[in-house]
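Side-chain atoms are counted along with the backbone in the values below, which use heavy atoms only and exclude waters and symmetry mates.
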Number of protein chains: 2
Amino acid sequence: MDSDLTWSERRGELIHLSFMLTGRLRALMDQRAAELDLSPMQARALWVMQDPTPMGELAEKLHCDASNVTGIVDRLEDQGLMERVIDPDDRRRRNLVVTEEGRARSVSLRDRLHEGNPVLALTDDEVEVMLTLLGRMLEAPD
Amino acid sequence: MDSDLTWSERRGELIHLSFMLTGRLRALMDQRAAELDLSPMQARALWVMQDPTPMGELAEKLHCDASNVTGIVDRLEDQGLMERVIDPDDRRRRNLVVTEEGRARSVSLRDRLHEGNPVLALTDDEVEVMLTLLGRMLEAPD
DNA sequence: TATTGTTATACTCTATAACTATA
DNA sequence: TATAGTTATAGAGTATAACAATA
């Protein structure tokens, strides 16, 4: 069916454009993070964190191996932005807690991510539509 | 104005969700790339390339420093996926050309990026809307 | 025995600065 | 002098495998 081919092509185009947007947003995030002395992964850790979060759970949220999280959290701890707290119920587990300073840094990052964000090109109505579509794309399990 | 505050919050939510989608798409890209023996940056280079592209232009498209491109292209050349061709009009310039094998690898990657892509959660009509909105977000200069 | 997290390793990515060769 | 690209360097991210502590 011809129209089917067209739909397929449209989806291909959408996938391409979504990766182009991803590249832009990544560049924006990394640039703003660097202004705040945060490496890309440190920034993403602060971005996705909701304390308390065990190391392994943070690894999942960052889409990387658990062994990497050790170093990333080490450097965040060095900056006093995060703390490891041993879970009293399971002493193997380290619950990550964002410090007050870490939360302040996270808020600064969030504010800076508005400036120059491609999302600002949308009208208010389009923002609503986009929120709905993003919600549908993200509701599927990871 | 109250409604203004709401719009601002909506945009904040949209920015947050767009970065969550970015994280998902990055993980998907890196995973599929690895299956094809491509590092994340090698995959992105193939993804954004449109030959012939000088080194510096590829650096811009990858949002990274020009010095990094040397190594990335070295490794792509090692795999026979790309070639440096000295520009006859300006012998300082190296034009990058994707080889036939490189193009095949690129097509494989594109095909694999459809499987498990969050974009598949959208209906055909929603895809059309999303294409329009993405186009508006990306039309502004980088 | 299984799980949580760390360490060791080798490779890739990263920006900065100094360099080569062309223009 | 200016530009295109490379090299050197130091730091950060990456997966794999082996390990420690705890369950």
Side-chain angles (χ1 to χ4, degrees), chain A residues 22-23 26-48 52-79 81-97, chain B residues 22-23 26-48 52-79 81-97:
Chain A
T22 291
R26 189 218 293 243
L28 180 65
M29 170 70 91
D30 294 355
Q31 184 185 327
R32 297 295 188 257
E35 292 167 4
L36 295 169
D37 284 313
L38 293 169
S39 76
M41 286 306 280
Q42 285 166 23
R44 293 181 56 208
L46 280 178
W47 188 259
V48 301
T53 302
M55 304 288 286
E57 194 178 319
L58 181 55
E60 283 176 18
K61 290 188 174 177
L62 292 176
H63 305 286
C64 73
D65 191 86
S67 63
N68 301 324
V69 178
T70 298
I72 293 166
V73 170
D74 280 350
R75 292 181 277 274
L76 282 165
E77 259 191 331
D78 289 344
Q79 287 203 58
L81 307 178
M82 213 175 264
E83 276 174 355
R84 288 170 165 95
V85 179
I86 295 180
D87 188 329
D89 296 340
D90 182 347
R91 297 177 41 73
R92 292 173 302 180
R93 186 172 267 125
R94 274 110 177 95
N95 290 317
L96 297 173
V97 180
Chain B
T22 291
R26 189 218 293 242
L28 181 64
M29 171 70 91
D30 294 356
Q31 183 185 330
R32 297 294 188 258
E35 292 167 4
L36 294 169
D37 284 313
L38 293 169
S39 75
M41 285 306 279
Q42 285 166 22
R44 292 181 57 207
L46 281 177
W47 188 258
V48 301
T53 302
M55 305 286 288
E57 194 178 320
L58 181 55
E60 283 177 17
K61 290 188 175 178
L62 292 177
H63 304 286
C64 72
D65 191 84
S67 63
N68 302 324
V69 179
T70 298
I72 294 166
V73 170
D74 280 349
R75 291 180 278 274
L76 281 165
E77 258 191 332
D78 289 344
Q79 285 203 59
L81 306 178
M82 214 175 263
E83 275 175 355
R84 288 170 165 95
V85 179
I86 294 180
D87 188 329
D89 296 341
D90 183 346
R91 297 177 42 71
R92 292 173 302 180
R93 185 172 268 125
R94 274 109 177 95
N95 290 317
L96 297 173
V97 180

*Asks:* Select base, sugar-phosphate, or nothing to describe what A:Asp90 touches, counting heavy atoms under 4.0 Å on all strands.
*Replies:*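 Sugar-phosphate contact only.
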*Asks:* Between P on C:dC11 and CG on B:Asp37, what's the gap in Å once rounded to a whole number?
*Replies:*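 Distance check: B:Asp37 CG to C:dC11 P gives 15 Å.
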*Asks:* For B:Met29 and C:dC13, give me the distance from atom CE to atom P, rounded to whole Å.
*Replies:*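 Value for this atom pair: 13 Å.
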*Asks:* Figure out the NE2/P separation between B:His63 and C:dC13, and round it to whole Å.
*Replies:*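 Whole-Å distance recorded here is 16 Å.
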*Asks:* Let me know the distance between CG of A:Leu58 and P of D:dT14, rounded to the nearest Å.
*Replies:*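 For the pair A:Leu58 CG and D:dT14 P, the rounded distance is 11 Å.
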*Asks:* Do A:Ile72 and A:Leu58 have side chains that approach each other closer than 4.5 Å (heavy atoms only, starting at C-beta)?
*Replies:*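 Side-chain contact under 4.5 Å: no.
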*Asks:* Select base, sugar-phosphate, or nothing to describe what A:Arg44 touches, counting heavy atoms under 4.0 Å on all strands.
*Replies:*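 The residue A:Arg44 makes no contact with any strand.
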*Asks:* How long is the line joining CG of A:Leu76 and P of D:dA12, in whole Å?
*Replies:*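 From A:Leu76 CG to D:dA12 P: 11 Å.
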*Asks:* Is any side-chain N or O of A:Ser39 closer than 4.0 Å to OP1 or OP2 of D:dG13?
*Replies:*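 Looking at the OP1 and OP2 atoms of D:dG13, one of them is under 4.0 Å from a side-chain N or O of A:Ser39.
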*Asks:* Reckon A:Pro54 touches a base, only the sugar-phosphate, or nothing at all at heavy-atom distances under 4.0 Å?
*Replies:*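 Since only primed, P, OP1 and OP2 atoms lie under 4.0 Å of A:Pro54, the category is sugar-phosphate.
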*Asks:* To the nearest Å, how far apart are A:Asp87 CG and D:dA21 C1'?
*Replies:*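 So the two atoms are 15 Å apart, to the nearest Å.
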*Asks:* Mapping A:Pro88 and B:Gly71 to their closest nucleotides on DNA chain D, which lands nearer the 5' end?
*Replies:*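 Its nucleotide being nearer the 5' end, the pick is B:Gly71.
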*Asks:* Pick the closest DNA chain C nucleotide for A:Arg26 and for A:Arg93 by heavy atoms, then say which residue is nearer the 5' end.
*Replies:*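 With A:Arg26 and A:Arg93 compared, the 5'-side residue is A:Arg93.
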*Asks:* Heavy atoms from C-beta onward define the side chain here; which of C:dA15, D:dT6, D:dA15 lies closest to that of B:Arg84?
*Replies:*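 Minimum distance to the B:Arg84 side chain belongs to D:dT6.
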*Asks:* For residues B:Met55 and B:Arg84, determine if any side-chain heavy atom of one lies less than 4.5 Å from a side-chain heavy atom of the other.
*Replies:*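 Yes, side chains in contact.
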*Asks:* Go through the steps to decide whether B:Met41 and B:Arg75 satisfy the test side-chain contact (heavy atoms from CB on, under 4.5 Å), and finish with yes or no.
*Replies:* CA-CA 10 Å; B:Met41 285 306 279; B:Arg75 291 180 278 274; over 6 Å; no
*Asks:* At less than 4.0 Å, is any side-chain N or O atom of B:Arg75 found next to OP1 or OP2 of C:dC13? Yes or no.
*Replies:*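 It does, given that an N or O in the side chain of B:Arg75 lies less than 4.0 Å from OP1 or OP2 of C:dC13.
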*Asks:* Take the protein atom CD of B:Glu60 and the nucleotide atom P of D:dT3, then report the distance between them rounded to whole Å.
*Replies:*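 Interatomic distance, CD of B:Glu60 to P of D:dT3: 14 Å.
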*Asks:* Using heavy atoms to find the nearest nucleotide of DNA chain C for A:Ser67 and A:Arg92 separately, return the residue whose nucleotide is more 5′.
*Replies:*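 Looking at DNA chain C, the more 5' nearest nucleotide goes with A:Arg92.
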*Asks:* Nearest 0.5 angstrom please: A:Leu38 CG to A:Arg44 CZ, how far?
*Replies:*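 Separation between the atoms: 13.5 Å.
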*Asks:* Rounded to the nearest Å, what distance is computed from the CE atom of residue A:Met55 to the P atom of nucleotide C:dT6?
*Replies:*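 To the nearest whole Å, that distance equals 4 Å.
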*Asks:* Would you say D:dT3 has OP1 or OP2 under 4.0 Å from some side-chain N or O of B:Arg94?
*Replies:*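 No, B:Arg94 has no side-chain N/O under 4.0 Å of OP1/OP2 on D:dT3.
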*Asks:* Contact between B:Gln42 and B:Asp37 at the side-chain level, heavy atoms closer than 4.5 Å - yes or no?
*Replies:*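 When only atoms from C-beta onward are counted, B:Asp37 and B:Gln42 do not touch, as no gap falls below 4.5 Å.
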